[in-house]
Amino acid sequence: IIGGQETSISQVPYLVYMRQGGSFICGGSLLTPSFVLSAAHCVYGAREQDYTVHAGASRLAQKAPVIRNVARFHIAPTYSPSNFDMDVAMLQLELPVPLTAGQVATITPCQSAAAANSYVRISGWGVEYESSRKPAAQLRTAVIRVLPYAECQQAYAGQAQITDSMICAAVRGIKDSCSGDSGGPLVYRGEVCGIVSWGFGCGRAAYPGVYTNVASTRVKRFIDQTLRKL
Ligand code: 4AZ
């Protein structure tokens with residue numbers, strides 16, 4: 001998180017992080033005791049057995065109170081690694097997370113889309129500066145603003161495609177998500193309306209952060225189908 005402040009997992013109890021081969025890789029959100037919402041690019045091309053999901057911890061150095069293996073990745077079948085269209089995945093856990101134990105909780109997927117210009121919150125252990133290589137030791141958070149779709153298309157015009165499965169948000173030049181925040185939630189009125197996905201650099205005035213649009217028809221259908229038929 002660029003331009004944010006420290007927070008505690010008790011403020012975002014549905015937030016988890018993933019390790020791949022023991023190394024911190026991404027964030028995610030518990031939608032149910034057995035399903036974590038994250039970004040497709042966090043798990044694409046990887047193997048379930050190399051991943052663990054960590055819940056209830058504020059600091060990466062602390063041993064999380066709940067650690068789970070991953071039974072199955074569910075990656076959106078239309079995910080495009082070339083332009084990050086449909087950058088959404090669900091991680092099905094081997095064992096459910098006990099939600100009554102400690103601070104762990106779940107969050108609802110976005111019902112009503114985050115309106116343009118509304119304020120939303122992002123949280124994660126991602127780097128604090130674009131050039132940094134190491135994640136934040138302590139969980140961080142920032143409040144940013146959703147951009148009108150046209151403004152985001154203008155920002156990336158001729159350089160990248162902003163599809164209907166994407167929304168942009170930032171306090172341009174000041175507050176943004178960055179490497180390691182991927183997969184984590186953008187929260188609007190207590191619901192997860194975005195998933196940290198991509199951007200050109202981090203915290204740059206010209207390039208807002210891009211998030212998977214959880215309220216879009218295609219993303220919603222994928223989440224609903226994954227939760228229902230399994
Ligand atoms: C990344 O590299 C990344 N500013 C995540 C989010 C953003 C940029 C890069 C958005 O994972």
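Counting convention: from 1, in listed order, for ligands and their atoms alike. One is the number of the first residue; the rest follow in order along the sequence. Predicted model, so just to flag it, every value in this text is computed and none were measured.
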(request) Please confirm whether Gly203 comes under 4.0 Å of ligand 1, counting heavy atoms of the residue only. (result)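 No heavy atom of Gly203 comes that close to ligand 1.
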(message) Please confirm whether Val196 approaches ligand 1 to less than 4.0 Å, judged on its heavy atoms.
(response)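 True for this residue.
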Does the distance from a Lys or Arg side-chain N to an Asp or Glu carboxylate O, for [X] and [Y], drop under 4.0 Å?
X	Y	value
Asp50	Arg19	no
Glu94	Arg68	no
Asp224	Arg221	no
Arg172	Glu151	yes

(request) From the options Gly209, Ser182, Gly201, Ala170, select the one whose nearest heavy atom is closest to atom 8 (C) of ligand 1. (result)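 Looking at heavy atoms only, the winner is Gly201.
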(message) Given Ser179, Gly184, Gly199, identify the one with the heavy atom nearest to atom 3 (C) of ligand 1.
(response)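 It is Ser179 whose heavy atom sits nearest to atom 3 (C) of ligand 1.
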(request) Could you list the atoms of ligand 1 found under 4.0 angstrom from a heavy atom of Trp198? (result)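 Numbered from 1, ligand 1 contributes 7 (C), 8 (C), 10 (C).
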(message) Give me the residue, atom name and distance of the protein heavy atom closest to atom 9 (C) of ligand 1.
(response)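 Result: Cys202 SG, 4.1 Å.
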(request) Would you check whether Ser177 has a nitrogen or oxygen atom less than 3.5 angstrom from a nitrogen or oxygen atom of ligand 1? (result)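 Yes; at least one N/O pair falls below 3.5 Å.
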(request) Of all the heavy-atom pairs spanning Val187 and Tyr14, show the shortest one and how long it is. (result)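 Smallest interatomic distance, heavy atoms only, reads CG2-OH, 3.3 Å.
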(message) Test of understanding: with ring pair (Phe, Tyr, Trp, His ring centres under 6.0 Å), list the residues that count as partners of Tyr188, not counting sequence neighbours.
(response)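 By the ring pair (Phe, Tyr, Trp, His ring centres under 6.0 Å) rule, Tyr188 matches no residue at all.
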